[in-house]
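A short write-up of the structure that comes next.
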Amino acid sequence: MIKLIENRFYYLENFCTVLEWIAERYSDLLTAQEREFIDHFHLLSKETKALLVRMVMRKGDLFRSSKLAYDEIGSVEDAAAPLIMLGWVDENPWLSLDELFGLLKKAEISQVFGSSLHKTAARKSDQLLALRGEFTDSRDFTAWYPASNERVYQVQITPICDRLRLMFFGNLRQDWSEFVLADLGIFQYEKVEFSASSRGFRSRQDIDDYLHLHRCRERFLLGEPPEEVLKDIPARVYDNDWLEGRRSKLLFQIAQHYEQIKQFPAALNVYGQCQYSGSRVRAIRMMERCAQFESAFSLANIAERTPESEAEKQQLLRILPRLHRKLGHPRIPAVHHHLDPASRIDLALPKPEPLISVEELVRVHLEQLSRQQRVRVHYVENALINSLFGLLCWSAIFAPIPGAFFHPFHTGPADLHSPDFYRRRESQFINSLLQLDSDQYTHTIRHNFREKAGIQSPFVFWDVLTEELLDLALSCVPALHLKIWFERMLLDIKLNRAGMPDLIQFWPDEKRYRMIEVKGPGDRLQDNQMRWLDYCAKHDIPVAVCYVQWAERVE
DNA sequence: ACCATACACCCATCT
DNA sequence: AGTGGAATCG
DNA sequence: AGATGGGTGTATCGATTCCAC
Ligand SMILES: [Mn+2]
Ligand SMILES: [Mn+2]
């Protein structure tokens, strides 16, 4: 299964693949200077190109020459020379004290700062803290550390490399190691026949906007005061829905941060600026915390008239009665989730070894409970229904819709969470679900289980879905039930792909099943779990909640 | 699937 | 000394 | 006792190497 890489310059080959890919499909989105970079790169010697790529792939931009030892490259000095001429690498960068500390080992720090250091035993980070006041200037490496005969190199071209990586992958979370991991067979990706015109970006402005938001997010994550970051986040709504989603999400996270540091008015202000799902409820909550009950009440009423999701509706059922009370209105009774007593299981089990989970405990208990008939219980959570969905609808999910796939390393379509995901492949999904009206669905699911085994999918959990589990599921779960599960998933994939019960119990002799949510002491049903339980009850799908308590230990 | 969600475990407060 | 986290590599 | 909101920790290929503590 694991292949060997025969080319010692495999990483360079991969980098070149990206450059060629970009030059071929995205050249209209590049500046003359960027196109020039690509052309120049190809003219360099193999060793020089390899050294640059090694540096680009590694963390940070500063490297000691001794840390750039690669057999296939040989002399770093020789390989680096052309890069220095081009200005792509600085051979003698000015280093701040912080940067120097990142390059030196602790023993070397004592050597350099011996006289200034009070305690050589102190932690490196404390030494840095202590020296910051004294050494505020930047110097080059030999000035800091004359005894060293090493050089320090600094790559100068990370911005353009990040831009190219973003254009290729459509995100910045994937990096160049994707290639080698796929070559090694660690990740298998579906081969989608997308057209040569399929791209992750339509305009240079979109790329610039993405990079800008990304930098804002990094500054926020690094701890810069949110007020400073907010100044640079555009107040206007982006035309591109995808980018607007990213803008909204960043604002949401900043608002959450304000919430954590108890700056509720600031949080309210930021929640108000974004339409990220859930921000409205948080805004209502912030008004509540600021004792603005009238505003909270009126926003809650707007939300109740036009709820953004089932989840919001559910939260409003808790919020509104509370606000009525706070405002001194006549009480309206809070409606609580009601569980049919018949589908409630109470168990008192001996407290087990700390390593075993409650779900596993109940699973074993239920399997051993009824000796007279065959009972199998699997701990599946979301994995089973999602996997069956992913296998049945494989061709719909991986349909080559324009813009959904544009490089060879997608785990799923790029627009999976966009509101029109379903609409854009409606006929394919209708076709897939139609198979549940005959026994065709079992063939499709089994076929894809064999043919697509191990291939990354946003729905299929290959490690959970064993052959035994698949057989049990296909023989015990009626097609109609699968259709009901899948239809709700398709209504809102992001929201409805989770919250499914922990266990599934099969009675293979009766071709019957039941799903069971396990709750240990001190654990409660979550909102999304309640929504699935209600939905299943409404459609006569057998579900139960199993409450576990620890049985008294006999002393 | 945008270093994230999803899950369980834990606590404080209010009724 | 030994341990653990981060970085690197294929 | 229970409901509610809130905060936390865990997990991402796996082997090897380096370095701080
Ligand atoms: Mn669970
Ligand atoms: Mn559970």
Side-chain angles (χ1 to χ4, degrees), chain A residues 1-11 14 54 57-60 63 66-72 101-102 104-109 121-127 166 169-174 176-188 200 210 213-214 217-218 221 242-243 245-246 249-250 253 256 259-260 262 281-282 285 288-289 315 317-319 321-322 325 334 336-337 354 357-359 381-383 386 397 404 409-418 421 456-459 463 493-495 497-500 502 517-529:
Chain A
M1 185 48 122
I2 297 291
K3 279 196 315 188
L4 286 176
I5 307 292
E6 66 290 347
N7 180 3
R8 299 200 305 162
F9 290 93
Y10 72 92
Y11 53 94
N14 297 336
R54 284 290 196 188
M57 289 180 71
R58 280 174 53 170
K59 179 166 181 147
F63 306 97
S66 63
K67 296 284 176 195
L68 291 171
Y70 295 100
D71 286 345
E72 77 279 8
F101 262 60
L104 294 185
K105 285 182 273 193
K106 221 187 154 206
E108 295 171 319
I109 288 170
R123 288 216 311 266
K124 205 178 168 184
S125 54
D126 291 336
Q127 292 179 334
L166 172 60
F169 287 114
N171 63 64
L172 286 173
R173 146 189 54 91
Q174 290 177 286
W176 279 287
S177 67
E178 289 288 338
F179 285 83
V180 72
L181 292 178
D183 284 343
L184 288 167
I186 289 166
F187 294 130
Q188 286 176 259
Y210 187 110
L213 278 177
H214 181 76
R217 194 227 295 238
E218 284 197 314
L221 259 26
W242 172 58
L243 286 168
R246 295 186 62 83
K249 183 166 191 169
L250 178 56
Q253 288 168 332
Q256 272 187 314
E259 224 186 305
Q260 274 164 12
K262 310 248 184 284
V281 166
R282 294 319 303 161
R285 186 79 193 110
E288 228 185 322
R289 295 295 296 253
Q315 301 192 75
L317 285 178
R318 286 194 294 263
I319 292 170
R322 202 167 55 219
R325 210 172 54 229
H336 289 123
H337 172 78
S357 68
V358 213
E359 293 87 354
E381 267 177 349
N382 311 309
N386 273 277
I397 293 158
F409 310 105
H410 287 273
T411 71
D415 62 338
L416 185 63
H417 291 303
S418 85
F421 170 76
Q456 300 283 125
S457 155
F459 298 103
D463 50 339
I493 285 172
K494 196 181 163 95
L495 227 55
R497 47 176 298 155
M500 294 160 188
D502 295 316
E517 171 56 35
V518 178
K519 287 292 152 197
D523 185 20
R524 319 188 295 262
L525 285 174
Q526 289 161 247
D527 281 1
N528 57 354
Q529 295 176 329

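Chain A is the first sequence line, chain B the second, and so forth, proteins listed ahead of strands; every chain is numbered from 1.
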Side chain to side chain contact (heavy atoms under 4.5 Å, CB included) between A:Trp242 and A:Asp415: does it pass, once the steps are laid out?
CA-CA 9 Å; A:Trp242 172 58; A:Asp415 62 338; over 6 Å; no
Dump the intermediate steps for side chain to side chain contact (heavy atoms under 4.5 Å, CB included) on A:Phe187 and A:Thr411, then the final yes or no.
CA-CA 9 Å; A:Phe187 294 130; A:Thr411 71; over 6 Å; no
Between A:Arg58 and A:Lys67, does the side chain to side chain contact (heavy atoms under 4.5 Å, CB included) criterion hold? Intermediate values first, please.
CA-CA 11 Å; A:Arg58 280 174 53 170; A:Lys67 296 284 176 195; 3.9 Å; yes
Between A:Glu517 and A:Gln526, does the side chain to side chain contact (heavy atoms under 4.5 Å, CB included) criterion hold? Intermediate values first, please.
CA-CA 11 Å; A:Glu517 171 56 35; A:Gln526 289 161 247; over 6 Å; no
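Closest contact between the side chain of A:His417 and the listed nucleotides B:dC2, D:dC21, C:dG10 involves B:dC2. Side chain of A:Lys105, nearest nucleotide from D:dC19, B:dA8, D:dG5: D:dC19. If you check D:dC13, B:dA8, D:dG6 against the side chain of A:Arg282, the one that comes closest is D:dG6. Of the listed nucleotides (B:dA8, D:dC21, D:dG6), D:dG6 has the atom at the smallest distance from the side chain of A:Arg289. The side chain of A:Glu359 approaches B:dA8 more closely than any other nucleotide in the set D:dG7, B:dA8, C:dG10.
Base pairing annotation: B:dC3 forms no Watson-Crick or G-U wobble pair, as no partner gives both donor-acceptor distances under 3.5 Å. Nucleotide D:dT12 is matched to nothing when pairs are restricted to Watson-Crick or G-U wobble geometry with both distances under 3.5 angstrom.
For A:Arg524 and D:dG5, a side-chain-to-base donor-acceptor distance below 3.5 Å is present, hydrogens and geometry of angles not being considered. Remark: the A:Arg173 side chain and the B:dA4 base include no donor-acceptor N/O pair separated by less than 3.5 Å.
Rounded to whole Å, the distance from CG on A:Leu184 to C1' on C:dG10 is 5 Å. One atom, CG of A:Asp463, and another, P of D:dT12, lie 11 Å apart when rounded to the nearest Å. In this structure, the CZ atom of A:Phe187 is 11 Å from the C1' atom of D:dG14, given to the nearest Å. Rounded to whole Å, atom C1' of D:dA3 lies 11 Å from atom CZ of A:Arg325. Between A:Asp523 atom CG and B:dC9 atom P there is a gap of 5 Å when expressed in whole angstrom units.
Heavy atoms of A:Leu181 sit under 4.0 angstrom from at least one base atom. Contacts of A:Arg497 with the nucleic acid, taken as non-hydrogen atoms under 4.0 Å apart, are absent. Looking at heavy-atom distances under 4.0 Å, A:Arg318 makes contact with sugar-phosphate atoms alone, never a base. Counting non-hydrogen atoms under 4.0 angstrom, A:Gly520 reaches nothing in the nucleic acid. A:Asn7 comes within 4.0 angstrom of no nucleic acid atom, judged by non-hydrogen atoms across all strands. A:Lys67 comes within 4.0 angstrom of the backbone, heavy atoms only, and of no base. Within 4.0 Å (heavy atoms only), A:Gln174 reaches no atom of the nucleic acid at all. Residue A:Gln315 is classed as having no contact, given no heavy-atom separation below 4.0 Å to the nucleic acid. Using a 4.0 Å heavy-atom criterion, one finds that A:Leu104 contacts the sugar-phosphate atoms exclusively. Using a 4.0 Å heavy-atom criterion, one finds that A:Arg217 contacts the sugar-phosphate atoms exclusively. Using a 4.0 Å heavy-atom cutoff across all strands shown, A:His410 reaches at least one base atom of the nucleic acid. Counting non-hydrogen atoms under 4.0 angstrom, A:Tyr11 reaches nothing in the nucleic acid. Nucleic acid contact for A:Gln253: sugar-phosphate only, since backbone atoms but no base atoms lie under 4.0 Å from a heavy atom of the residue.
Residues A:Phe169 and A:Glu178 are in side-chain contact: their nearest non-hydrogen atoms beyond the backbone lie under 4.5 Å apart.
Proximity of A:Gln526 to the phosphate of B:dA8: a side-chain N or O atom is located under 4.0 Å from OP1 or OP2. In terms of phosphate contacts, A:Gln256 brings no side-chain nitrogen or oxygen within less than 4.0 Å of OP1 or OP2 of D:dG7. Listed pair A:Lys124 / D:dA20 meets the phosphate criterion, a side-chain N or O lying under 4.0 Å from OP1 or OP2. Here A:Asn14 does not reach the OP1 or OP2 of C:dG10: none of its side-chain N or O atoms lies under 4.0 Å away. Regarding contacts with the backbone of D:dG5, a side-chain N or O of A:Arg322 is found under 4.0 angstrom from either OP1 or OP2.
Applying the 90° criterion around 0 to the glycosidic angle, D:dT12 comes out syn. Base orientation for B:dA4: syn, the chi torsion being within 90° of 0.
Spacing between D:dC13 and C:dA1 at atom C1', rounded to whole Å, works out to 31 Å. The same atom, P, is picked in C:dG5 and in D:dA11; the two are 11 Å apart, to the nearest Å. When the P atom is used for both D:dG5 and C:dC9, the distance is 49 Å, rounded to whole Å. Taking atom C1' on both D:dT12 and C:dA6, the two are 16 Å apart, rounded to the nearest angstrom. The gap from the P atom of B:dC2 to that of B:dA6 amounts to 10 Å, rounded to the nearest Å.
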Contacts under 3.5 Å, N or O only, protein and nucleotides 5-8 of chain C:
unit_1, atom_1, unit_2, atom_2, d
C:dA7, OP1, A:Lys59, NZ, 3.0
C:dT8, OP1, A:Arg58, NE, 3.2
C:dT8, OP2, A:Lys59, N, 3.1

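Although no hydrogens or angles enter the test, the distance criterion places a donor-acceptor pair under 3.5 Å between the side chain of A:Asn386 and the main chain of A:Arg497.
Nearer the 5' end of DNA chain B, as judged by each residue's closest nucleotide, is the contact made by A:Phe409, out of A:Phe409 and A:Asn382. Nearest-nucleotide positions on DNA chain B place A:Gly412 closer to the 5' end than the other of A:Gly412 and A:Gln529.
Residues A:Tyr11 and A:Phe179 keep their aromatic ring centres 6.0 Å or farther apart.
Taking CD from A:Gln315 and CZ from A:Arg285, the interatomic distance works out to 10.5 Å, rounded to the nearest 0.5 Å.
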